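Please read the structure below before turning to the comments.
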Amino acid sequence: MMNFLELTKKRCSIRKYASRPVETEKLDYILEAARMAPSAVNYQPWCFLVVKSDKGREKIQSCYPREWFKQAPCYIVVCGDHAQSWKRADGKDHMDIDVAIAAEHICLAAAEQGLGSCWVCNFDVALCRQQFGLPPTVEPVVLIPVGYPEDEALFEATPKHRKEFVDIVKIETF
């Protein structure tokens, strides 16, 4: 079994999916990992809309009409509810932060299960709201396609450009 650092190095944005469906057990595992994510004041202002049917897939694909996106057999729309999120004293809404943590739990759990995923944030939010009947306070924050990579070697082959450790870590002063 890989350790956490190995898992973070394995996870990458997969944009080539096999047609193989995602098993319910694996999807439930991924969603349970998201459910366990931490959130500000433990408010858990998220919900996860799972889209697998042909009709649902057509609706989500209309929100982000890219060819690679259409290959995924399953999607998770990670939503945040502004009415349920914690607001800091200066008014900052932590919904985006909380939802981002849960979304990354999804991506890490998917990678652990041998599944690919990809953060998609540049989608038609208004159309997504309309297509899935989201309430006014609920915002679709990220679309995550989930599926088996077309080739498992994509986990290793996908470049992971990161800044050097010394360029991002500061000790006690900037």
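The chain is numbered in sequence order, starting from 1. The shown structure was predicted, so the numbers you read here are calculated from the model rather than taken from an experiment.
- Not a single salt bridge (Lys or Arg N to Asp or Glu O under 4.0 Å) links Lys92 to another residue, sequence neighbours left out.
- Side chain of Tyr64 to main chain of Lys70: no donor-acceptor pair is present (N/O by atom type, distance under 3.5 Å, no hydrogens or angles).
- Qualifying side-chain hydrogen bond (donor to acceptor under 3.5 Å, both in side chains) partners for Lys26, counting only residues two or more places apart in sequence or in other chains: Tyr148.
- Taking 4.5 Å as the limit, some side-chain heavy atom of Pro145 sits within range of a side-chain heavy atom of Tyr75.
- Within 6.0 Å of NZ in Lys163 there are 12 or fewer heavy atoms belonging to other residues, nucleotides or ligands.
- Using a 4.5 Å heavy-atom cutoff, the side chains of Ile14 and Cys118 are not in contact.
- Residue pairs meeting the salt bridge (charged side-chain N to carboxylate O under 4.0 Å, His left out) criterion with at least one member in residues 40-63, sequence neighbours excluded, do not occur.
- For residues 90-123, the ring-ring contact (aromatic ring centres under 6.0 Å, His included) pairs, not counting sequence neighbours, are Trp86-His94.
- Under the side-chain contact (heavy atoms from CB on, under 4.5 Å) test applied with Ile76, the options Leu143, Leu49, Leu27, Val51 reduce to a single match, Leu27.
- Note: Ser117 OG to Ile144 CD1 = 6.5 Å, rounded to the nearest 0.5 Å.
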All N/O donor-acceptor pairs, side-chain side in residues 131-141, below 3.5 Å, sequence neighbours left out:
from, atom 1, to, atom 2, distance (Å)
Gln131, NE2, Ser62, OG, 2.8
Thr137, OG1, Asp81, OD1, 2.8
Glu139, OE1, His82, NE2, 2.6

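- Applying the salt bridge (charged side-chain N to carboxylate O under 4.0 Å, His left out) rule to pairs touching residues 33-49 yields Glu32-Arg35, sequence neighbours excluded.
- Residues that satisfy the salt bridge (Lys or Arg N to Asp or Glu O under 4.0 Å) test with Glu25, not counting sequence neighbours, are absent from this structure.
- Phe174 and Ile171 end up in different hydrophobic clusters when Ile, Leu, Val, Met, Phe, Trp and Tyr side chains are linked at under 4.5 Å.
- Applying the salt bridge (charged side-chain N to carboxylate O under 4.0 Å, His left out) test to every pair with at least one member in residues 8-22, sequence neighbours left out, gives these pairs: Arg11-Glu104, Arg20-Glu23.
- A heavy-atom distance below 4.5 Å is found between the side chains of Val77 and Cys128.
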Check against side chain to side chain donor-acceptor pair (under 3.5 Å), Lys87 and Ser85: CA-CA 6 Å; Lys87 281 74 171 177; Ser85 59; 2.9 Å; yes
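- Under the 3.5 Å distance criterion, the side-chain polar atoms of Asp98 are matched with a main-chain donor or acceptor of Ala40.
- If you chain together hydrophobic residues whose side chains sit under 4.5 Å apart, Val146 and Trp68 never meet in one group.
- Shown here are the ring pair (Phe, Tyr, Trp, His ring centres under 6.0 Å) partners of Tyr17, two or more places apart in sequence or in another chain: there are none.
- By the 4.5 Å side-chain criterion applied to Ile, Leu, Val, Met, Phe, Trp and Tyr, Ile101 is assigned to a cluster that also includes Ile97.
- Residues Leu115 and Phe155 come closest through the heavy atom pair O-CZ, 3.4 Å.
- Annotation: side chain of Phe4 is not in contact with side chain of Glu6 (no heavy-atom distance under 4.5 Å).
- The side-chain contact (heavy atoms from CB on, under 4.5 Å) test applied to Ser19 returns no partner, not counting sequence neighbours.
- Note on Ile30 and Val78: same hydrophobic cluster, where clusters join Ile, Leu, Val, Met, Phe, Trp and Tyr whose side-chain heavy atoms are under 4.5 Å apart, directly or indirectly.
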Trp46 and Cys79: CA distance, side-chain angles, deciding distance, side-chain contact (heavy atoms from CB on, under 4.5 Å) verdict: CA-CA 6 Å; Trp46 49 59; Cys79 300; over 6 Å; no
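- Across every non-hydrogen atom of Pro45 and Val99, the tightest pair is O-CG2, 4.4 Å.
- Residues Val120 and Phe69 approach most closely at CG2-CE1, 4.0 Å, considering heavy atoms.
- Contacts classified as salt bridge (charged side-chain N to carboxylate O under 4.0 Å, His left out) and involving residues 145-157 (residues at least two apart or in different chains) are not found.
- Minimum interatomic distance between Ala102 and Ala37 (heavy atoms only, all atoms of both residues): CA-CB, 3.7 Å.
- Note: Cys63 SG to Leu127 CG = 4.0 Å, rounded to the nearest 0.5 Å.
- The heavy-atom pair separating Phe48 from Ala34 by the smallest distance is CZ-CB, 3.6 Å.
- Annotation: side chain of Tyr29 is in contact with side chain of Glu112 (closest heavy-atom distance under 4.5 Å).
- Residues Thr8 and Leu5 approach most closely at OG1-O, 2.8 Å, considering heavy atoms.
- How far SG of Cys121 is from CG of Asp96: 9.5 Å, rounded to the nearest 0.5 Å.
- Residues Met95 and Val125 fall into different hydrophobic clusters, defined by Ile, Leu, Val, Met, Phe, Trp and Tyr side chains chained together at heavy-atom separations under 4.5 Å.
- Within a 6.0 Å sphere centred on CE of Met36, heavy atoms belonging to other residues, nucleotides or ligands number 12 at most.
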